[in-house]
Amino acid sequence: MPTLVFLEEHEGELVKGSLGVLSKAAQLGGDVAAVVAGSGVKELAPEAGRYGAAKVYVADDPALAAPLSQPRVDVLAGLVRAEGFDTVLFGSSVLSADVAAGLAARLGAGLNWDLVDLELRDGTLVGKRPALQDSVYVDVGWRGEPRLALVRSGTFEPVESGGEAAVEEVAVELEEFSTRAVMLERAHAESEGPSIEEADVIVAGGRGLGEPAKFALLEELAQALGGAVAATRAVVDAGWYPYATQVGQTGKTVAPKLYVACGISGAIQHKVGMQASGTIVAINKDPNAPIFEYADVSVVGDLHQIVPKLTELVKARG
Ligand SMILES: Cc1cc2nc3c(=O)[nH]c(=O)nc-3n(C[C@H](O)[C@H](O)[C@H](O)COP(=O)(O)OP(=O)(O)OC[C@H]3O[C@@H](n4cnc5c(N)ncnc54)[C@H](O)[C@@H]3O)c2cc1C
């Protein structure tokens, strides 16, 4: 099963989610190669070897500097046609999802998306995908080749296997139509501390906070713990906190060591985004809140009293 993993590069680093997918592919076995496409990305290739790629294709060209999908589709389509990869895997992100969809259209291939697992069953690749608002998992397959798969973010951790990859540079030949979109401007939100995808500790808030200003309580606790602040969809939809911090079915999937849920009921759509956390602490004034069914530590009480005390205690321990 020759497999190609698309490694996304962001600001000079390989994106963790795509390295996780590479590790999983290596674990499944077979010929696993990776491709990095961008400008000035050559030096990133050896890192892919450490996460299980036997070969890394590098498409390094100024024409690939902007994070636009179609030029990357050109690179991947060329590789699939020339090298005969029968499987192409992506870790989910805005760019990767766009590249995967574009590649599926270009090759007339089947794309399964939002996968939360991959396995080989009697030599056949099978994906696992949540359905019916994440209340069930279904097995999905492909009718033909190449099989394209987009894996939900945060699903697989990158695992260093210590290998070395052969590096092959790929000539970048772009279709005329692929260069018509140009990026005029890029902006990013400034934030302090780790992102929720990378933090070991997440302090998350829901509607129980009562008002947007109360997120300050969570920010203080997160800062004391060296963590990040996340939110439920209810408060994101209400405009209390940015969408980038939403955890759950229509937000991000996270797996920190510690997840402190404050004023969160624990709906299934929230649970699916954080259930892989190491230890879940829930603070809720309703003893029957669903979150207590899966929390490791349940604290029944008013978060407005408990959270500041917790912050004080953490700070006191220095
Ligand atoms: C298709 C679909 C996709 C969705 N995707 C997502 C998603 O990605 N992420 C997500 O989070 N949700 C998602 N939802 C919404 C989800 O169903 C819930 O509505 C949402 O998670 C509830 O958010 P909440 O816990 O903040 O609010 P609520 O359910 O209103 O819960 C607030 C909690 O705060 C507690 N509380 C109140 N005051 C206090 C206090 N002073 N101290 C302590 N506790 C207090 C209450 O007891 C209650 O349990 C989705 C829904 C659908 C239908």
Side-chain angles (χ1 to χ4, degrees), residues 17 91-94 97 113-116 128-138 150-155 195-197 199 201-222 225 227-256 258-277 279-314:
S92 191
S93 73
V94 173
W113 73 101
D114 201 25
L115 300 187
V116 293
K128 187 177 276 192
R129 187 179 183 285
L132 298 174
Q133 299 185 1
D134 278 2
S135 56
V136 294
Y137 290 110
V138 292
L150 184 66
V151 176
R152 190 183 269 201
S153 65
T155 297
S195 68
I196 61 167
E197 293 98 323
V201 178
I202 288 180
V203 181
R207 207 150 28 190
L209 285 168
E211 53 171 323
K214 290 289 165 25
F215 263 99
L217 295 176
L218 308 193
E219 284 163 359
E220 253 193 87
L221 177 58
L225 290 165
V229 174
T232 64
R233 176 166 166 177
V235 292
V236 167
D237 281 354
W240 292 11
Y241 224 58
Y243 171 66
T245 64
Q246 183 183 315
V247 166
Q249 182 187 330
T250 42
K252 289 179 179 152
T253 303
V254 295
L258 175 65
Y259 192 93
V260 187
C262 308
I264 293 177
S265 58
I268 177 75
Q269 297 89 356
H270 186 76
K271 181 184 175 189
V272 293
M274 45 69 86
Q275 62 192 349
S277 304
T279 301
I280 298 171
V281 177
I283 305 170
N284 197 305
K285 68 177 185 186
D286 174 6
N288 296 315
I291 198 157
F292 289 143
E293 287 164 22
Y294 55 92
D296 300 293
V297 180
S298 302
V299 184
V300 179
D302 182 358
L303 73 91
H304 300 101
Q305 294 178 1
I306 296 164
V307 173
K309 284 202 180 114
L310 207 51
T311 308
E312 233 174 78
L313 284 170
V314 174

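As a basis for the values below, the full set of heavy atoms in this structure was taken, side chains included, without hydrogen atoms, waters or symmetry mates. Indexing begins at 1, ligand by ligand and atom by atom, following the structure's order. Here the structure is a predicted model, which means the values were calculated and not measured.
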Item checked: Polar atom proximity, A289 to ligand 1 (N or O, under 3.5 Å) -> no

Next item on the list: Answer yes when K309 and E312 have at least one side-chain N-carboxylate O distance shorter than 4.0 Å, and no when they do not.
Entry: no

Next item on the list: State, yes or no, whether a side-chain contact exists between L218 and C262 at a heavy-atom distance under 4.5 Å.
Entry: yes

Check: Looking only at N/O atoms, are A267 and ligand 1 under 3.5 Å apart anywhere?
Finding: no

Check: Should you measure from each heavy atom of D302, which atoms of ligand 1 turn up under 4.0 Å away?
Finding: 40 (C), 41 (N), 42 (N)

Note to self: Let's go through V235 and L209 carefully: what are the C-alpha distance in whole Å and the side-chain angles of both, what is the deciding distance for side chain to side chain contact (heavy atoms under 4.5 Å, CB included) to 0.1 Å, and is it a yes or a no?
What the structure shows: CA-CA 9 Å; V235 292; L209 285 168; 5.6 Å; no

Next item on the list: Output the list of atoms in ligand 1 that are nearer than 4.0 Å to some heavy atom of T250, sorted by atom number.
Entry: 3 (C), 4 (C), 5 (N), 6 (C), 7 (C), 8 (O)

Checklist line | Closest heavy-atom pair and its distance - V254, S277 | finding: O-OG, 4.3 Å

Note to self: Under a 4.0 angstrom heavy-atom cut-off, which atoms of ligand 1 come close to G301?
What the structure shows: 42 (N), 43 (C)

Item checked: Contacting atoms of ligand 1, where contact means under 4.0 angstrom from a heavy atom of V247 -> 7 (C), 8 (O), 9 (N), 10 (C), 11 (O)

Checklist line | Numbered atoms and elements of ligand 1 in range of G206, under 4.0 angstrom, heavy atoms | finding: 26 (O)

Next item on the list: Begin with the C-alpha distance, continue with both residues' side-chain angles, and end with the deciding distance and a verdict on side chain to side chain contact (heavy atoms under 4.5 Å, CB included) for V314 and L221.
Entry: CA-CA 8 Å; V314 174; L221 177 58; 4.2 Å; yes

Check: Can you list the ligand 1 atoms lying under 4.0 Å from a non-hydrogen atom of L303?
Finding: 40 (C), 42 (N), 43 (C)

Next item on the list: Pick out which of D296, V281, I280 makes a side chain to side chain contact (heavy atoms under 4.5 Å, CB included) with L258.
Entry: V281

Note to self: Less than 4.0 Å is my threshold; does some heavy atom of N284 fall inside it relative to ligand 1?
What the structure shows: yes

Item checked: Candidate with minimal heavy-atom separation from atom 7 (C) of ligand 1, of K285, Q246, K214, H270 -> Q246

Notebook entry, point to check: So which heavy atom on P242 is nearest to which on T245, and how close?
Noted result: O-OG1, 2.7 Å

Note to self: Suppose I only count heavy atoms of G248 and a 4.0 Å limit; which atoms of ligand 1 are within that range?
What the structure shows: 7 (C), 8 (O), 9 (N)

Note to self: Considering Q269, Q249, R207 one by one, which has a heavy atom nearer to atom 53 (C) of ligand 1 than any of the others?
What the structure shows: Q269

Check: Going by the order shown, which atoms of ligand 1 are within less than 4.0 Å of some heavy atom of G251?
Finding: 8 (O)

Note to self: In this structure, does ligand 1 have an atom that sits under 4.0 Å from one of the heavy atoms of G210?
What the structure shows: no

Check: What's the verdict on side chain to side chain contact (heavy atoms under 4.5 Å, CB included) for R207 and T232, showing C-alpha distance, side-chain angles and the deciding distance?
Finding: CA-CA 8 Å; R207 207 150 28 190; T232 64; 5.7 Å; no

Next item on the list: Give the minimum heavy-atom separation between V300 and K285, together with the two atoms involved.
Entry: CG1-O, 3.8 Å

Checklist line | Minimum side-chain heavy-atom gap P130-R152 below 4.5 Å | finding: yes

Checklist line | I268, portion touching ligand 1 at heavy-atom distance under 4.0 Å | finding: neither

